[in-house]
Amino acid sequence: MASSNPTAKDSPAERFQFIAIQGPDDAKDQTQRRVARSHAVKQALGRKRKQQQESKDNFRVMNLKDRPRKSGKQGPVKQTTHTGTLAGPLCRLSAGTLDPFQAFAVDLSRLQTLLGDYRARQAPEPVFSIAEELSFQDFQSVFRTGFGDPALLNAVMLSLAFAATGGSIDLECLRYQSQAISHIRQRMNRLREAVTETTIGTILLLAGVEARLGMRSQVQLHMGAVQGLLKMCRADGIYLTPGIKRAIFWQDLNSSILTGSRRIYDHTTFSELQWTRDPFVPNFFRLPPGFQTRSDLLTTELMQVLEDLHALQCIRDVPHYTKGDPMLMAYINNHTASIQSRLMSLQNVSSVQECCCLAAYNCSVMLCCTVWCALVVPSHISSQLLAKLQQTNDDPVWDEHPELLLWLVYIGGAFAPTGAVRSEYVSLLRLMNATRFRSLYRSWPELLAILKQFIWTEKAFLSPVKALWEEAVN
């Protein structure tokens with residue numbers, strides 16, 4: 001006896017289920033009937049599932065290698081990759097918690113397309129990451145949930161779409177922003193229900209987009225709302241994940257850099273970000289010789305930060321340094337947080353110290369946390385440093401310390417993207433070569449010897465700095 005439900009692509013083994021019958025009474029056996037009926041139902045469901053998949057009436061879990069097709073005329077969606085990053089499957093974004101039977105608030109095929117864009121994949125930083133080396137801060141570790149929260153999902157889509165446009169708001173972004181804000185407003189009417197990682201994360205993502213747009217008042221409004229929710233958490237003894245606390249710190253810091261908003265948190269606020277020097281590598285924590293000979297220009301606090309920055313450089317230069325160990329990366333992230341938070345808090349007692357703080361900040365970003373903020377923060381810092389260097393160009397202090405000035409200009413210009421700011425750095429270098437430096441430091445070996453006296457790592461700095469040098473000498 002055979003139960004048959006053939007389809008064009010089924011193999012004979014998939015189309016038939018053979019049931020042995022020794023006599024006429026066996027055909028009436030309940031077990032055999034159940035087997036036949038189960039096989040028939042299974043085949044019918046399989047055929048129906050294939051029809052739904054072809055018509056897209058159901059949800060299919062797909063990865064970035066799949067090719068979504070909405071119509072016969074649509075071509076394949078190409079996956080964009082970038083050296084040093086891992087795209088990963090779509091389900092990694094929510095750590096495998098996507099529910100195929102759940103009605104989502106957005107089009108997941110659009111989410112998949114955005115995740116194939118390098119710029120978009122960086123967008124949620126520093127709230128959460130889909131990069132393998134930052135697995136300690138992935139979606140699940142931050143939110144402990146899937147994509148069932150409509151406010152959070154719309155905020156994620158806003159962040160991704162905003163980054164994919166290159167930092168401008170279009171109709172798609174406005175739609176996601178409006179939906180996220182609407183959901184948050186409804187939730188804030190029931191404050192006890194609003195105290196969750198997903199609510200805080202949604203607000204942080206909104207603030208991140210506003211920071212890139214320079215909307216200081218909106219950033220302060222949203223970060224103030226986060227502060228209020230945290231106070232409620234402490235009062236009610238509500239547990240929040242280390243990941244969301246880390247996200248709060250970094251979004252507050254980065255937003256302050258980009259907009260000048262008032263900082264609410266620092267590196268000592270959350271115990272999860274506490275960092276101390278490693279006593280087993282004391283040689284790492286020392287002041288580079290270029291700063292040692294100019295210690296009279298710097299405060300004690302800045303010299304201590306520069307010592308910690310030199311240690312970060314040493315970690316980056318370790319031959320077997322990898323970005324895959326979550327505990328190591330969390331430790332390095334805390335190390336970086338301590339450096340950047342203190343640099344932002346230092347009193348600018350002189351123009352030299354202010355320039356050194358800005359250059360040191362750029363170094364700390366490019367050493368170990370490019371996945372977090374390399375798209376926007378270094379270029380912004382470079383612009384600030386350029387303005388300060390141009391403002392103090394005639395200061396006689398630079399005539400006494402040309403090597404320090406040289407390091408500052410190259411660190412600022414090397415990480416400025418192609419455009420007006422980078423062109424002005426090139427012009428500044430050419431002017432200095434013709435006046436203050438004259439024939440000094442013109443060759444690449446001479447320049448490299450000077451730069452190595454300060455914060456320097458060939459792994460992270462060599463290529464962009466040499467590219468700037470070539471532009472300046474040509």
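Positions are given from 1 along the sequence. Basis for what follows: all heavy atoms, side chains included, without hydrogens, waters or symmetry-related copies. Since the structure is predicted, the reported quantities are computational estimates derived from the model, not experimental observations.
Rounded to the nearest 0.5 Å, atoms CG (Leu389) and SG (Cys355) are 4.5 Å apart. With rounding to the nearest 0.5 Å, the separation of CD1 in Ile339 from SG in Cys363 is 10.0 Å.
For the side-chain contact (heavy atoms from CB on, under 4.5 Å) with Tyr176, the lone residue among Asn154, Leu160, Leu153 that qualifies is Asn154. Each of Val226, Asp252, Val142 was scored for a side-chain contact (heavy atoms from CB on, under 4.5 Å) with Leu204, with one residue passing: Val226.
Closest non-hydrogen pair, Ala164 versus Asp117, comes out as CB-OD2, 4.1 Å. Looking at every heavy atom in both residues, Ser255 comes nearest to Ala207 through OG-O, 4.2 Å. Considering all non-hydrogen atoms of both residues, Gly413 and Arg422 come closest at O-NH1, 3.1 Å. Across every non-hydrogen atom of Leu385 and Gly412, the tightest pair is CD2-CA, 3.7 Å. Closest non-hydrogen pair, Gln353 versus Thr299, comes out as OE1-N, 3.1 Å. For the pair Ser256 and Ser261, the tightest heavy-atom approach, listed with the atom from each and the gap, is OG-O, 2.9 Å.
Asp236 places no side-chain N or O within 3.5 Å of a backbone atom of Ile238 that could act as its donor or acceptor partner. Checked by atom type and distance alone, the side chain of Ser141 pairs as donor or acceptor with a backbone atom of Asp138 at under 3.5 Å. With hydrogens and angles ignored, the 3.5 Å screen pairs no side-chain donor or acceptor of Arg234 with any backbone N or O of Leu229. Within the 3.5 Å criterion, the main-chain N or O of Leu273 finds no donor-acceptor partner in the side chain of Lys245. At least one donor-acceptor pair under 3.5 Å links the side chain of His310 to the backbone N or O of Phe284. Side-chain atoms of Thr269 do not come within 3.5 Å of backbone N or O of Tyr265 as any donor-acceptor pair. Using modelled atom types, one side-chain atom of Gln292 and one backbone atom of Leu287 make a donor-acceptor pair closer than 3.5 Å.
Salt bridge absent: Arg216 and Glu210 never bring a charged side-chain N and a carboxylate O closer than 4.0 Å. Using a 4.0 Å cut-off between charged nitrogen and carboxylate oxygen, Glu301 and Arg342 do not count as a salt-bridge pair. Between Asp308 and Arg277, at least one side-chain N (NZ, or NE/NH1/NH2) sits under 4.0 Å from a carboxylate O, which counts as a salt bridge. Salt bridge annotation for Arg286-Glu307: absent, with no cationic side-chain nitrogen under 4.0 angstrom from a carboxylate oxygen. Ion pairing between a basic and an acidic side chain is recognised when a charged N comes within 4.0 Å of a carboxylate O; Arg187 and Asp149 show such pairing.
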Check the pair Gln137 / Met329 against side-chain contact (heavy atoms from CB on, under 4.5 Å), numbers first and verdict last. CA-CA 10 Å; Gln137 190 72 8; Met329 293 311 298; over 6 Å; no
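Using cut-offs of 30° and 60° on the angle between ring planes, the pair Trp275 and His335 is parallel.
There is no side-chain donor-acceptor pair under 3.5 Å between Asn333 and Thr336. A donor atom on one side chain and an acceptor atom on the other are found under 3.5 Å apart for Arg246 and Asn334. Side-chain contact of Arg212 with Thr259: a donor-acceptor pair under 3.5 Å is absent, judged by distance alone. For the residue pair Asn362/Ser382, the side-chain donor-acceptor check at 3.5 Å is satisfied. With 3.5 Å as the limit, one finds no donor-acceptor pair spanning the side chains of Thr165 and Asp170. A donor-acceptor contact closer than 3.5 angstrom links the side chains of Ser364 and Gln340.
In summary, the aromatic rings of Phe249 and Phe270 are positioned with their centroids too far apart to meet the 6.0 Å limit. Taking the six-membered ring for Trp and the full ring otherwise, Phe461 and Tyr410 have centroids separated by 6.0 Å or more.
Environment of CZ in Arg185: sparse, with no more than 12 heavy atoms of neighbouring residues, nucleotides or ligands closer than 6.0 Å.
Among residues two or more places apart in sequence or in another chain, the ring pair (Phe, Tyr, Trp, His ring centres under 6.0 Å) test is passed with Phe285 by none. Checked against side chain to side chain contact (heavy atoms under 4.5 Å, CB included), Ser182 has the following partners two or more places apart in sequence or in another chain: Gln186.
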